[in-house]
Amino acid sequence: MADTQTRAARTSKRHLFGPSLKSVTMMIADFRGWRRTVARRRALADLTADQLNDIGHPEAHRPALDIKAGLITNMMSMR
């Protein structure tokens, strides 16, 4: 009977730290992945369009304002 109680005490300590260690390692892995993603985005943001073409990466999407000819006239006529 004493042997069974000793084993039960050992396993409960092991299970106590198991899930928390796993969650800590998951958080560390997620943080490292996030840092890599941020570093990759910063490096790509510093490159010119020609350099992006050289490495085979499509040009970065940047906001552009396209205004068609006659837009103001159409807007004024709607008013």
Side-chain angles (χ1 to χ4, degrees):
M1 197 60 128
D3 187 38
T4 308
Q5 291 174 350
T6 306
R7 274 190 248 146
R10 248 187 282 148
T11 57
S12 66
K13 288 180 184 176
R14 192 177 321 148
H15 290 298
L16 182 67
F17 294 112
S20 63
L21 282 176
K22 187 176 181 181
S23 65
V24 168
T25 55
M26 294 278 291
M27 288 186 338
I28 291 171
D30 288 342
F31 180 70
R32 286 181 179 171
W34 174 77
R35 279 191 351 201
R36 280 189 212 115
T37 302
V38 169
R40 190 177 304 123
R41 286 180 185 166
R42 283 183 185 162
L44 286 175
D46 293 338
L47 297 178
T48 64
D50 292 332
Q51 290 171 332
L52 288 172
N53 287 335
D54 289 343
I55 63 172
H57 195 277
E59 190 173 341
H61 298 289
R62 295 194 171 98
L65 183 62
D66 295 328
I67 300 175
K68 295 180 181 179
L71 178 66
I72 299 298
T73 307
N74 289 340
M75 298 292 279
M76 293 301 285
S77 66
M78 284 191 237
R79 192 171 159 207

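Just so you know, these numbers use all the heavy atoms, side chains as well, and skip hydrogens, waters and symmetry mates. Start at 1 with the first residue, then count along the sequence.
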According to side-chain contact (heavy atoms from CB on, under 4.5 Å), who are the partners of [X], at least two apart in sequence or on a separate chain?
| X | result |
| --- | --- |
| M76 | I72, R79 |
| M75 | L71, M78 |
| R35 | F31 |

- Item | From R32 atom CZ to D30 atom CG, the distance as rounded to the nearest 0.5 Å |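 With rounding to 0.5 Å, CZ (R32) is 11.5 Å from CG (D30).
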Side chains of residues 36-48: which donor-acceptor pairs under 3.5 Å do they make with residues two or more places apart or in other chains?
residue : atom : partner : partner atom : Å
T37     : OG1  : G33     : O            : 2.9
T48     : OG1  : Q51     : N            : 3.3

